[in-house]
Colleague: 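Sharing a structure here in structure tokens format.
Note that ligands are numbered from 1 as they come in the structure, with each ligand's atoms numbered from 1 the same way. What you are looking at is a predicted structure, and each value in this text was computed from that prediction instead of being measured.
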Amino acid sequence: MSLLSSDTVFHPIRTIDRPRTSDNKLARVTDYFGSNVFDLRAMRKRLSSQDVETLDNVMRFGGKIDIHLASRIATAVREWASERGATHYCHWFQPQTGATAEKHDAFLWFDKSGSPIERFTGAELLQSEPDASSFPSGGLRATFEARGYTGWDPSSPMFIMETESGKTLYIPSVFISYHGEALDYKTPLLRSNESLNQVAVKTMHLLGEKTVSHVVTTIGAEQEFFVIEKQYYDQRPDLSMTGRTVLGHKPPKGQELEDHYFGHIPSRVQSMINEAELELYKLGVPLKTRHNEVAPHQFEVAPIFETSNIAADHNQLLMKVMKQIAVRHGFVVLFHEKPFAGVNGSGKHLNWSMADNTGRNLLEPGHTPHENIVFLTFLCGTLQGIHDHADVLRASIATTGNDHRLGANEAPPAIISAFLGDTLDRILNALESGKTEGLSAERVMLDLGVSHLQEVAKDNTDRNRTSPFAFTGNKFEFRAVGSSTPINYPATVLNAAVASGLKKVNAKLEAKAKNGVVSPEDIISVLRGVIADTKKIRFEGNGYSQEWRDEAARRGLSNFPNTPAALEVLSDKRKTEFLVEGRIFRSEDVASRMAIQLERYLKQRLIEINCALELTETAILPTAFTYLRELTTLVKNTQELGIESGAKDVAMILGKETALLAHRIQLLRVAVNKLTSGDAMEHDHLLPTAKEMATTIYPQLEELRDASDRVEALLPRDLQPLPTYSDMLFGIG
Ligand code: ADP
Ligand code: MG
């Protein structure tokens, strides 16, 4: 029955208690920002200045914490958390399920006399041992040796999560096996940061920047999402089981009027975002912007950028908190890449750059020739990385949901290319053409126009939305990342790719170095070579156009249309060598991750198919038959009385459509049973099975959907068995 009928009860607007100061005035953001984080301010009150300094250094530049310091920190953080009402702690980690995981333990203990005390030891802080056997390992381990450990990651601060009824201390953690294999998304990111750091510091030294001791990567992840009424969500098993609608007739209005983007945020949604922001501010997540997106009921929030590991944790927190808070407002937030057909999907643009230990952004074009050389070198290193590792970058964003976006003329195409903007493109072309050859570096910079480099930021205000990898002023924006994807994995591959690109540049620079430093003229001649080498990856035009697809094919760029095809490159050792060389993964890890992703793809598609079969068989078809019975009775009655009603025509059409739907159901059932029979889902057969799924089975689901949507369109409103697209996408109060 349609929810638009009289029993539809929308959630009233929820007012939230804003924090107040001790004299009961409204608190400022700066009063409560980070109040649930064990940050430097909190540490200084409870640890010696030497301990704080050590921990701060480890947080910023890496390093180990010994058990004695860990014990002092454990006591301090337990005191801090208990004072705020926390009763439990948990190691919070990111297994390869795409979600975060946590196992809670109480601080409660007993002393020798049997009295209850609170206890949290250094050993407990450093490590815990959840059962790893139920997390994906991609065939890396047999169940009997499935020991996994979570270990504290001191580079991301601990925090307190509040729920309605209690508080828990969260300890950001890595998840590794007994033999040290990374079983999670965080460990590889930390390793890739370390790898890029080493290479980039070397680059800086070769450029004469000898005081640079550290380079970090920075990320600001713009997050898109849909908001729908929870009561609709609860009545759509496809949404609750797969995150998206697998059926649904398109509404009369979609996004064609372009009236939603940057429009007024509906009050109830605003109220939900406000509450989420409040909680996230307390958790130290620096949210900055919020606005309506292109599709109806689609929104975006974005934080101020941070170092990539913290940005990755904060993005996970953002998704977790928003999901929790939404329910209090009678909503559900959908992070799926394509919850609704016919309107835009959601992405997660990764704004990415590198900064040195003084905070200087290495992709900032700068004001002087000297700064420009740093900029141009890091730009070229990045281009080299993207050029050499485009296929693995594509694989890093391959997910079931993202298959609906990439190449669908609403998100960047699946072809990886880099957009630089007019000014930079001209500068690189001039450098490459050698017109500046023989000139001093100062002269080259002047000829290219130092002042032009400053124009780069302005130039990019009119940016290219069709590019998967766009330079936007002083950072790159990896726009092809899906909205539900944890950012760690694409960030890991990007860091590793750029580390590899810079390494190549370093080797060329080193060959020209005298006393460890390369002259500006030699740097420019090296960069000229890099620019020529990587040219095919640069594209300034419309990424949606057929001309680009043709041009990309001529240039020899890959275009993997779906997840299994994209993942297949991970079985090519030459293509993944840089991940092994950069010590991000061992080659077995690459294979196991590929298996995990393939298996996830297959399972997700199977769940979608089963959902569609169940909904069509138990909801759409039976409702259509009920209506058909009504119609045929009507036809008989009206014929007897000689009344012309048109009911017969409607009944004929409905009969034809239900017959077609029943036929599609049969076909899909048979095809799926055939696909999954025997050992098709076994480890060694995952790739061919997944490819078969993508190329021959999944299209049949789309055909089934077509048939079902045509039937749905014929059903009267009061018989609709599921909330419709019109219900779900319009009318939030
Ligand atoms: P734009 O309008 O170009 O998207 P914004 O300033 O809104 O520019 O930036 C979008 C995202 O990029 C924000 O999350 C922002 O913090 C982030 N960002 C800005 N500078 C950097 C940087 N140097 N490294 C990583 N992310 C950055
Ligand atoms: Mg942006």
Colleague: When you measure from the side chain of Glu410 to the backbone N and O of Asn344, does any donor-acceptor pair fall under 3.5 Å?
Modeller: no

Colleague: Mark up the atoms of ligand 1 that fall under 4.0 Å of a heavy atom belonging to Ile304, in ascending order.
Modeller: 16 (O)

Colleague: Under a 4.5 Å cut-off applied to non-hydrogen side-chain atoms, are Pro339 and Val343 in contact?
Modeller: no

Colleague: Could you point out which residue of Glu224, Glu222, Glu300, Glu277 forms a salt bridge (charged side-chain N to carboxylate O under 4.0 Å, His left out) with Arg290?
Modeller: Glu277

Colleague: Tell me, yes or no, whether the heavy-atom count around Glu581 atom CD, taken from other residues, nucleotides or ligands under 6.0 Å, exceeds 12.
Modeller: yes

Colleague: One pair to check against side chain to side chain donor-acceptor pair (under 3.5 Å): Glu102 and Tyr170. What are the steps and the verdict?
Modeller: CA-CA 8 Å; Glu102 52 197 64; Tyr170 275 60; 2.5 Å; yes

Colleague: Is the shortest N/O to N/O distance between Pro303 and ligand 1 below 3.5 Å?
Modeller: yes

Colleague: Does ligand 1 have a heavy atom under 4.0 Å from the side chain of Asn351, from its backbone, from both, or from neither?
Modeller: both

Colleague: Got an N/O contact under 3.5 Å between Thr218 and ligand 1?
Modeller: yes

Colleague: What atoms of ligand 1 come closer than 4.0 angstrom to any heavy atom of Glu222?
Modeller: 4 (O), 10 (C)

Colleague: Begin from the C-alpha positions of Glu194 and Arg191 and carry the test salt bridge (Lys or Arg N to Asp or Glu O under 4.0 Å) through to its verdict.
Modeller: CA-CA 5 Å; Glu194 194 39 45; Arg191 289 179 184 159; over 6 Å; no

Colleague: Just distances here: any N/O of Ala302 and N/O of ligand 1 closer than 3.5 Å?
Modeller: no

Colleague: Provide the number and element of each atom of ligand 1 under 4.0 Å from a heavy atom of Lys475.
Modeller: 3 (O), 8 (O), 9 (O), 12 (O), 18 (N), 19 (C), 20 (N), 21 (C), 27 (C)

Colleague: Answer side chain, backbone, both or neither: which part of Lys288 comes under 4.0 Å from ligand 1, heavy atoms only.
Modeller: neither

Colleague: Any N or O on Asn361 sitting closer than 3.5 Å to an N or O of ligand 1?
Modeller: yes

Colleague: Would you say the side-chain atoms of Asp403 pair up with the backbone N or O of Thr563, donor to acceptor, closer than 3.5 Å?
Modeller: yes

